[in-house]
Every structure is written in structure tokens, then in C-alpha cells.
Amino acid sequence: MTLRARLLATISVAAVALSMTACSGGANADTTAKDNPYGLVQPGVLRAGTLSDAPPNVYLKDGKFTGFDNDLLTAVAAKLDLKVQFVGTEFSSLLAQVKTKKFDVGSSSITITDARKKTVDFTDKYDFGYLGLEVPAGSSITSFDQLKGKRVAVVQGTVQDDYATHNGLNPVRVPDYNAALNQLRTGTADAWVSPAEIGEKTASESNGKIVAVAKELSENGMAYAVAPGNDKLREALNKALDEVIADGTWQKLEDRYYPGREIPAGFHPGSGKAS
């Protein structure tokens, strides 16, 4: 074979290999888009970061993550033929972990704020919340306007933390709700600004040692957090959320976890289009 013939043969083989690689890459991309349309960490599985110590919203029971937020997310995921894998974490790191796609979604009664929108995107709201005020039994504190100059326990990174900061209080920042409760038990904090439902439940289970004395409506609703720019997942979750509102699942969970709770006038979960 002449040198020219050898060169032509080599070029031909390379061209065929390049063509096959290109075709293979396109096929793989199409397969990935089809099998994992929402860009999940693991196709078919919604990996959710959550907490283990915040009943009735999110908590562990018999080794299983449950609570209003998590049970609702499970029902939403089922509408999308997805299984949910819950993983415990601390709230202070949850949004960053969603942003970096360690988790597909954050589930922990996350209040929508402009500051948090700089880190993550939010679904439509699915819940509302109140700020609660809990104190040790025998405390003279009975209202939020008595907190100036007091040591106030808050979970770091929460809207309760924001509240304490914006109102010029003296916050004792802790990593989780158990730590906040311990601050009251040991007397190292005078009060705890909490998510009201969590604080009230904690107080009711304290054998009279902790008392829930006040609450006020939080300004914004609560939603699931997703990574910035993952519009397909966010839109799919919103659609499925409307479906579980329409089929009565949202109301059943509301009645189970918050029996007798008054829903504020004008609050509508989801897009507001579901009955």
C-alpha cells in the first residue's frame, strides 16, 4: 500500500470513529433526558433534605421521616411516579445543599424570603406559619414586645433568626430545635422564638416545664426549595401539588397534623387554581 493510500485509510477510520462517537453521545443525551427529565441526583428518586426533630412538620418516627411537609411531599412525588429518599440534615446548611444539588429538594417548612431566593428557587407555597413564643414555666414574659434585652433562642438560619435580628433582640443561635429547647431547660435562654406549631407541641410534651405564651402570623408562606434554574422539577412539583390539593390529600394531612388549626383568610395552597 502506498503512503497516500495508508493516509486515506487512516483518515477514513478516524472519520467513522468520530461519527460513531457523535451518534453515541446524542443517543446518551436523549436517553438521559428521557430517563431523568427533572435532572435528579438519581433517576426516579427524589432526594429530599429534611430535619428529624421538628414535629408536626418534619420529624423521625420509628426510624421513618414523616410529618406534614414530608408526607405531603411523598404524595406529590407519587403523582410524578417518583420515590422519595429523605436524608436528615441541619437547617442552617439545607439551602446550600439544595443549591449544590446534594439534594433535589428541601423539605422543612421553609418560609419564602427574598434573601433565600438568592440561594434557591421555590415551589408554590403549600403552608402558612406562625411565629411562636415559648418560655420556662414561671417566666414573666408573656408577649413578643417583652423580649428586648432578653436572651432569645432561635435556630440558626430560620425566619425566627431573621425576626430576632431585625427586631434588635439578643439571639442565642443554635443548630436545631432540640438545642433550642435545652436552652430553656437549662436557663441559658429566657425565651424561644419558634415555628408556633413546633413550639406548642414541644410545650405540651414538657410536663409543664415549658409554656407557649404567644404567637403571630409569619408574613410569607412556606414552600419546597429546589436548585436554581431547575424549572422542570419546580414546575412538575407545582403541578403535582395542585393535584394533591384537588384530590383532598392536602386537607387530610392538614386535619391529621393540625387538628383545629385556623387557616388565615385569603390563604390558598398551591397555585390557587385547585379547589
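Counting begins at 1 with the first residue of the sequence.
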Using residues 72-85 as the side-chain source, report each donor-acceptor pair under 3.5 Å to any protein atom, sequence neighbours left out, with the distance given to one decimal.
unit_1, atom_1, unit_2, atom_2, d
Thr74, OG1, Asn70, O, 3.0
Lys79, NZ, Asp247, OD2, 2.9
Gln85, OE1, Arg47, NH1, 3.2

Residues that Asp161 engages under salt bridge (Lys or Arg N to Asp or Glu O under 4.0 Å), provided they are two or more places apart: Arg173
Cut-off 3.5 Å, no hydrogens considered: what does the side-chain donor-acceptor table look like for residues 176-187, sequence neighbours left out?
unit_1, atom_1, unit_2, atom_2, d
Asp176, OD1, Asn178, N, 3.3
Asp176, OD1, Ala179, N, 2.8
Asn182, ND2, Asn178, O, 3.3
Gln183, OE1, Thr188, OG1, 2.6
Thr186, OG1, Asn182, O, 2.8
Thr186, OG1, Thr188, OG1, 3.0

Inter- and intrachain pairs under side chain to side chain donor-acceptor pair (under 3.5 Å), touching residues 115-125, at least two apart: none
Residues that Lys102 engages under salt bridge (Lys or Arg N to Asp or Glu O under 4.0 Å), provided they are two or more places apart: none
In a table with atom names and distances, give each donor-acceptor pair under 3.5 Å that connects a side chain of residues 194-205 to protein atoms at least two apart or in another chain.
unit_1, atom_1, unit_2, atom_2, d
Ser194, OG, Glu134, OE1, 2.5
Glu197, OE2, Arg261, NH1, 2.9
Lys201, NZ, Glu205, OE2, 3.0
Thr202, OG1, Ile198, O, 2.8
Ser204, OG, Lys201, O, 2.7

Results of salt bridge (Lys or Arg N to Asp or Glu O under 4.0 Å) for Asp71 - residues two or more places apart only: Arg256
Those residues that, when tested against Lys101, pass side chain to side chain contact (heavy atoms under 4.5 Å, CB included) (two or more places apart): Ala227
Contact list for residues 49-60, test salt bridge (Lys or Arg N to Asp or Glu O under 4.0 Å), sequence neighbours left out: none
Which residues share a salt bridge (Lys or Arg N to Asp or Glu O under 4.0 Å) with Asp231, sequence neighbours left out: Arg234
Residues forming a ring pair (Phe, Tyr, Trp, His ring centres under 6.0 Å) with Phe103, sequence neighbours excluded: none
Counterpart residues, ring pair (Phe, Tyr, Trp, His ring centres under 6.0 Å), relative to Phe86 (two or more places apart): none
